[in-house]
Undergrad: 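Once you've had a glance at the structure underneath, I'll fire off some questions.
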There are 2 protein chains.
Amino acid sequence: MRVSTLGYALLGFLAARKLTGYDLARLLREPLGFFWTARHSQIYPELESLRRQGLVRFQVIVQPTRPDKKLYTITRAGRAALRKWVTEPVKSPVQRDEELLKTFSIQLGDPEEAAALYTDQLRIHRDLLQRHRRLAASLERLQGKTLLDPRSPQFGNYATLRRGIGYERERVAWYRWILARLSAPKPRTAKIRRYV
Amino acid sequence: MRVSTLGYALLGFLAARKLTGYDLARLLREPLGFFWTARHSQIYPELESLRRQGLVRFQVIVQPTRPDKKLYTITRAGRAALRKWVTEPVKSPVQRDEELLKTFSIQLGDPEEAAALYTDQLRIHRDLLQRHRRLAASLERLQGKTLLDPRSPQFGNYATLRRGIGYERERVAWYRWILARLSAPKPRTAKIRRYV
DNA sequence: GGACGCATGTAATAGGTTACATGATTAC
DNA sequence: GTAATCATGTAACCTATTACATGCGTCC
């Protein structure tokens, strides 16, 4: 028995507060969980595995009007395992971006359809960028310079958020570049237009 | 029988030239395949599946000094399938970044060990950025403005390379930010130093 | 009446990694 | 000699997605 990466993701959230499997599923649902995603069907068995290893425990909360729930708490052993893991070297991240894979062969497709694809994506990521920025701004307003202290409990959250902002900003800029390319007037098109 | 995303990745490379499974494994090996990765154990069966679907075919090349090899060619049907796929909407990309997951809880770890981790990563991504930039520069020198034509056979390659550059540049900037945070003088540390 | 949120689970399948397996040639 | 490159494959295992399953309360 060992802890999977998903297990550490769950421990990471549980280190801040008590949560149910349902809560965790919500946190790891796209596009909110912007550095790790998982479905509830993976989360429930993983929580059970963490419990068997003594890294979390739960208490059942009986609710009159809603289904009963299991509120999970990280144990001392869980916190120790997480603390050890965070500074261990990472494996080089596996890049799997379907959109970039399509882009690699985009010259084969219809330019107008391609432009439609990237326009949709631009909108999605512009919205995401705005959301991240708002969240960062509200954190900054509430916490101020504490966020910049690498021992503050909110430091990791703020650091990942900054990375999310940088990532989305870069993405948006790239969409704008490719859309400009796709809609730039082509000599051939111009000729056809002139004579048809 | 349907074509997996990996299948389209293989078709994408085969659209440009004939390749063996071994060649494809090399192209999809980290960190070269920066938008899709796969091992040879996944590639060989996938090529066979594409062949059964009539999207690729191969010819055996007998080599006197080296092992025989299968040189794969994309078929007309394969090219059509690829062309159709490139402009189809993408599923929202699943983000799974172990490093960011660690960052989320980094305040729990030792700041010096954390700094070592990010210093390593900074070096790796600085090198990757430089490599992408050199590749882009050499492409630009050879092909010039053709690269900016979305119908040019090199357009997709150039577009993904630009994205790679943007991505790595953003990453490097973020590493610098977090390292600055981790090594910034803390009042508490200063006090301890003064009195110990 | 139907969709959505809360809440937890299992089963079947697909996708991906690691390890096993073989064997010649070339470079250090 | 020994490690790396070329070259192709299979088997076992782990990880992740989709689908199946249940049931109450609230909102429109």
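All chains are named by letter (A, B, ...) in the order of the sequence lines, taking the proteins before the strands, and each is independently numbered beginning at 1. Just so you know, these numbers come straight off a predicted model, no measurement behind them.
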Undergrad: By nearest atom, which of the nucleotides C/dT26, D/dA7, C/dG15 is closest to the B/T65 side chain?
TA: C/dT26
Undergrad: Which listed nucleotide (C/dA7, D/dA11, D/dA19) is nearest to the side chain of A/S41?
TA: D/dA19
Undergrad: Please give, in whole Å, the distance from C/dT8 C1' to A/D68 CG?
TA: 10 Å
Undergrad: Does OP1 or OP2 of D/dC6 have a side-chain N or O of B/Y22 closer than 4.0 Å?
TA: yes
Undergrad: Any idea how A/Y175 and A/Y118 line up, ring-wise: parallel (<30°), tilted (30 to 60°), or perpendicular (>60°)?
TA: tilted
Undergrad: Angle between ring planes, B/F104 versus A/F35, binned at 30° and 60°: parallel, tilted or perpendicular?
TA: tilted
Undergrad: In whole angstrom, give the distance that lies between atom CG of A/D23 and atom C1' of C/dC6.
TA: 10 Å
Undergrad: Round to a whole Å and report the spacing from CH2 of A/W36 to P of D/dT17.
TA: 10 Å
Undergrad: What's the CD-P distance between B/E46 and D/dT8, to the nearest Å?
TA: 16 Å
Undergrad: Please test A/E168 against A/R133 for salt bridge (Lys or Arg N to Asp or Glu O under 4.0 Å), starting from the C-alpha separation and ending with a verdict.
TA: CA-CA 10 Å; A/E168 297 300 341; A/R133 275 184 170 147; over 6 Å; no
Undergrad: Quickly work out the B/L71 CG to D/dC6 C1' distance and round it to whole Å.
TA: 14 Å
Undergrad: Given D/dT8, C/dG15, C/dT10, identify the nucleotide with an atom nearest to the side chain of A/H40.
TA: C/dT10
Undergrad: Would you mind reading off the distance between A/Q42 atom CD and C/dA12 atom P, rounded to a whole angstrom?
TA: 18 Å
Undergrad: Does B/Q63 place a side-chain N or O at less than 4.0 Å from the phosphate oxygens OP1/OP2 of D/dC6?
TA: no
Undergrad: Measuring from the side chain of A/K70 (C-beta onward, heavy atoms only), which nucleotide among C/dT17, C/dT8, C/dC6 has the closest atom?
TA: C/dT8
Undergrad: Assign A/T37 to base, sugar-phosphate, or nothing according to its heavy-atom contacts below 4.0 angstrom with the strands shown.
TA: nothing
Undergrad: Between atom CZ in A/R29 and atom C1' in C/dC6, what is the gap in whole Å?
TA: 11 Å
Undergrad: Can you tell if the side chain of B/L50 reaches within under 4.5 Å of the side chain of B/V56, non-hydrogen atoms only?
TA: yes
Undergrad: Return the nearest nucleotide to the side chain of B/R2; candidates are C/dC6, C/dG15, D/dA11.
TA: C/dG15
Undergrad: Any heavy-atom pair between the side chains of A/D127 and A/I124 that's under 4.5 Å?
TA: no
Undergrad: To the nearest Å, how far apart are A/R66 CZ and D/dT26 P?
TA: 8 Å
Undergrad: Looking only at side-chain atoms of A/R39, point me to the closest of C/dT17, C/dA7, D/dT18.
TA: D/dT18
Undergrad: Are any of B/Y44's side-chain N or O atoms less than 4.0 Å away from OP1 or OP2 of D/dT8?
TA: yes
Undergrad: Would you say a side-chain N or O of A/K91 is under 4.0 Å from OP1 or OP2 of C/dT17?
TA: no
Undergrad: Please confirm whether the shortest side-chain N or O distance from B/R96 to OP1 or OP2 of D/dT17 is below 4.0 Å.
TA: yes
